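Just below is one structure, and these are the notes that go with it.
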Amino acid sequence: MLSLCILAATLAVVPLIYIFFYTTGAGLTSLNFDFFTALPKPFGEEGGGMVNAIVGTIILIGLGGLFGIPIGILTGIYVSEYSGSLMSNVVKFITDVLSGIPSIVIGIFAYGLIVLPMQRFSALAGGFALGILMIPTVTRITEEMLKLVPHTLREASLALGISRWKTTLRITLRTASSGIITGILLAIARAAGETAPLLFTSFGNSFWSTSLDQPMASIPVQIFNYAISPYDEWHRKAWAGAFVLISIVFIVNLIVRVVTRNKYSGSV
Amino acid sequence: MFFALSIIFVVLLIIYEMFIDSAPSREKFGFGFIFSSDWEPVKEEFGALTFIYGTVVSSLIALAIALPISIGVAVFLSEIAGKTVGTSIGFLIEILAAIPSIIYGFWGIFVLAPYMRESFQPFLQNYLGFIPLFQGTPFGFGMMTAGIILAIMITPIISSITRDVLKAIPVSQREAAYALGSTKWEAIKMALLNAKSGILGATVLGLGRAVGETMAVTMVIGNRAQIKTSLFEPAYSMASVIANEFAEASGQMHISSLIEVGLILFGVTFIINSLARFLIFSVTKKADMK
C-alpha cells in the first residue's frame, strides 16, 4: 500500500515536472534578445520576435484588471464583512459558478457583447473577457485575507466611533493589503496564460498595434498559432513564448508563497 | 453591495446573451440539435452529438486515470509524508497546476502525441488489440491522447482538494481507530470512507474542469467530427469546436449553432460545479462544527 501511494505521487509529479523542464529547455535555447524587441517576421525570414504580443498581453491584462480587480475586491469585501446574510451566500455561490465557467464560454460572452456590435475583433473585447476571468480569483483571496484580520481590530475602530465603511476601508482592508495584492498577482498570472477567450475577441495581430478598437496580439494566442503551424522556426518562437509564460506563473506563485507564509504562518 | 450585485448581474447576462444569440439555431433544430451528429456548415446542417460524445468520453478517460492516482497522492501527502516533504510536494503540484493549458497542449503536440503514436498505442494494440477500444491505426492525435493530457491536468486539482478533505477529518477518529487496535492502513481506510462525499466532490470538480478545458484538448484530440469505438481515432469536443470554428464561422446559423454548443457546455459545467461545491461543502462544514 505504501509503495502504491508513492507510485501514485510519482505518477502525478513526473509528467508535470517533465512538462516544466521540457518547456524550460526548449524555451531557453530559442529565447534571444530579439524575442523581446522585434516584431514577428513572415515565414521564410530569419529572426523576429514577439514584442507586439508581449505588449498586447500587458495591455489586455491592464484593461481586464481595470474593472476585474475593483469588482473582485469589492465583492470579496461584501462576502467577508457582511457574511451570514442570505445575499452574501448567494454572491459566494455565484462567484464559485463564475470561476467554474469554462473560459471559452466567457469568450463567447465577450464576443456577443462587444465584438458583434462593433463588427470587428478588438483588444477591448479581449480585455473584457480577461477581466471577468479575474473576478473570482480576486474575490476569493480578498475574502480569505479579510477573514484573517482579527475582529478586535474592527471592534476597536468601531468603538472609536469610526463608521463601518471607513473601518473596512482604512483598517481592515489596509491590514489585509499584502494578502490581497498576492491575490491580484495570482489573477494576473492566470489571465496571462488564458488563450481560449482571446481567440475570437482580441483575435491576434502580426503587426504593431496599441489601439483598443483593433485586433491585438497576445502571447498565448501567438503560441497557439505558431504551435499548430508546420514551421520549425515558428515552433522555436512558440517554445520561447511558452517559457516566458511559465516563468511568469512560477515567479508569481513563488512570491505568493513566500509572502503568505511569512505573514500568516501562525493563523493559517 | 452594488458591486457584489454586479457579479450576479454578469452571470445572468452571460446566460441571457447566449440564450438570445443561439435563438436561430434553437428554433431551427430544436432538441434534435443534441441528438444529431451532422455538422456541415456548407449545408447549414448542425448537430452537437459528436462533440458531446467527444467531451464526455475524453473526460471519463481522464477521470478513470486521474482518480486512483489523486487519491494515492492525497493519502501520501496527508497521512504518510512528513510535514516538510508533504508541504513541498503539495507546493510543487500546486505550482504546476497553474501552468497555462496552452503549454500542456503544446507539449502534447510535440511530446505526448508522437510517443502515443510510436510506442504506447502500438503496445496496447499488441497486447489488448482484441478489445475494440484499442483497434485501428494509432494516429497519436485522438481521444486517448486527449484523455491522458486531461488526466495530467486535473490530477493536481483532485488531489489537493482530497488532501484538504482528509485533513478535515478529525484526528481523534484516527486515534480512536488506533486505540481499537487497527493498523495504520485500516485507520486510513476509515478516514477515506468518512471523507467519501468530499472525495466525490473533488472528483466532480475535476470532471467540471476536464469538460471545460479547451486549448490542450483542441491541440491533441485530432479535431475530426466522428464517433468511433476506437480510442486511437481523432475526435472533437464541444470546447474545441468553438475554439476552432468560431472566428471563421461562415454565417449566422453557424455562429448561432456554435453559441448553442457553448450554452450546452455552460449548462453542463454549471450543474457539475454546483454538485461539487455542495459535496465538498457538506464535508468541510461538518469538520468546522466539530
Side-chain angles (χ1 to χ4, degrees), chain A residues 1-2 4-9 11-13 15-17 19-20 22-23 70-71 74-75 78-79 88 90-91 93-98 100-106 108-109 111-113 132 135 139 189-190 193-196 199-200 203 220 223-224 227-228 238 242 245-246 249-250 253 257, chain B residues 1 3-4 6-8 10-11 13-14 17-18 21 68-73 75-77 80 89 91-96 98-107 109-111 152 155-156 159 185 208 211-215 219 239 242-243 246-247 259 262 265-266 269-270 272-274 277:
Chain A
M1 280 301 267
L2 177 70
L4 267 183
C5 280
I6 294 178
L7 179 73
L11 272 178
V13 173
L16 294 167
I17 293 186
I19 292 172
F20 183 77
Y22 191 91
T23 309
I71 293 183
L74 287 164
T75 310
Y78 179 75
V79 174
S88 87
V90 170
V91 170
F93 175 72
I94 293 282
T95 313
D96 281 342
V97 168
L98 194 59
I101 296 178
S103 56
I104 188 132
V105 172
I106 305 286
I108 295 182
F109 174 54
Y111 178 88
L113 203 68
I132 291 193
I135 294 175
T139 299
R190 182 184 167 200
E194 282 292 353
T195 319
L199 286 174
F200 37 84
F203 196 59
I223 294 176
F224 180 61
I228 58 175
L245 276 188
I246 263 193
V249 168
F250 195 76
N253 276 280
R257 197 64 176 194
Chain B
M1 181 72 194
F3 281 94
S6 74
I7 199 169
I8 299 178
V10 164
V11 171
L13 192 63
I14 293 176
E17 202 208 80
M18 290 186 27
D21 287 347
I69 294 182
S70 305
I71 293 181
V73 173
V75 169
F76 177 76
L77 289 181
I80 299 170
I89 291 188
F91 172 55
L92 196 67
I93 289 183
E94 269 163 35
I95 272 201
L96 294 170
I99 294 177
S101 67
I102 179 104
I103 293 177
Y104 282 99
F106 196 15
W107 179 81
I109 291 182
F110 286 93
V111 181
I152 296 176
T155 299
S159 52
W185 286 110
V211 166
E213 176 48 50
T214 310
M215 297 320 293
M219 291 161 94
I242 302 174
F246 206 97
I259 293 178
L265 190 61
F266 173 83
T269 48
F270 179 82
I272 291 177
N273 282 309
S274 312
R277 293 291 163 196

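Keep in mind the model is a prediction, meaning the values are calculated, not measured.
- If you take CZ on F224(A) and CD1 on I102(B), they are separated by 6.0 Å, rounding to the nearest 0.5 Å.
- When heavy atoms are compared at a cutoff of 4.5 Å, I17(A) approaches chain B by way of both its backbone and its side chain.
- Contact check for L113(A) versus L13(B): side-chain heavy atoms found under the 4.5 Å cut-off.
- Residues I109(B) and A227(A) approach most closely at CD1-O, 4.2 Å, considering heavy atoms.
- Here I242(B) is the residue among N273(B), I242(B), I259(B) with the most heavy-atom pairs under 4.5 Å with chain A.
- Closest of all the heavy-atom pairs between P15(A) and I152(B) is CB-CD1, 3.8 Å.
- Atom CD1 of I99(B) sits about 10.5 Å away from atom CG of L245(A), to the nearest 0.5 Å.
- Note: L265(B) leads L265(B), I89(B), D21(B), I93(B) in heavy-atom pairs under 4.5 Å with chain A.
- Here the rule is side chain to side chain contact (heavy atoms under 4.5 Å, CB included) with T95(A), and of I8(B), V11(B), I7(B) only I7(B) fits it.
- Residue A239(B) comes nearest to I104(A) through the heavy atom pair O-CD1, 3.6 Å, listed as atom of the first residue, atom of the second, then distance.
- Between L16(A) and P156(B), the shortest heavy-atom contact is CD1-CG, 3.9 Å.
- Between L199(A) and M215(B), the closest side-chain pair of non-hydrogen atoms falls below 4.5 Å.
- The ring pair (Phe, Tyr, Trp, His ring centres under 6.0 Å) check on F246(B) picks up Y111(A), F200(A), with sequence neighbours excluded.
- Heavy-atom pairs under 4.5 Å with chain A were tallied for W185(B), F76(B), Y104(B); the largest tally goes to W185(B).
- For A8(A) against G72(B), the heavy-atom pair with the smallest separation is CB-CA, 3.7 Å.
- The CD atom of E17(B) sits 5.5 Å away from atom CZ of F109(A), with the distance rounded to the nearest 0.5 Å.
- Per-residue counts of heavy-atom pairs under 4.5 Å with chain B were compared for A238(A), A12(A), P220(A); the largest is that of A238(A).
- With a threshold of 4.5 angstrom between heavy atoms, L92(B) approaches chain A through side-chain atoms but not through N, CA, C or O.
- The choice from V91(A), I19(A), I108(A) that makes the most heavy-atom pairs within less than 4.5 Å of chain B is I19(A).
- The greatest number of non-hydrogen atom pairs below 4.5 Å with chain B, out of I94(A), I6(A), V249(A), D96(A), is found for D96(A).
- With a 4.5 angstrom heavy-atom cutoff, V105(A) touches chain B via backbone and side-chain atoms both.
- For a residue to count as touching a neighbouring chain, one of its non-hydrogen atoms must lie under 4.5 Å from one of that chain's; by this rule V211(B) does not touch chain A.
- Looking only at heavy-atom pairs under 4.5 Å with chain A, the residue among T155(B), V75(B), I80(B) that has the most is I80(B).
- Annotation: side chain of I101(A) is not in contact with side chain of T269(B) (no heavy-atom distance under 4.5 Å).
- Looking at every heavy atom in both residues, I103(B) comes nearest to A242(A) through CD1-O, 3.4 Å.
- By the ring pair (Phe, Tyr, Trp, His ring centres under 6.0 Å) test, F106(B) is found to be paired with W239(A), F110(B), residues two or more places apart in sequence or in another chain being considered.
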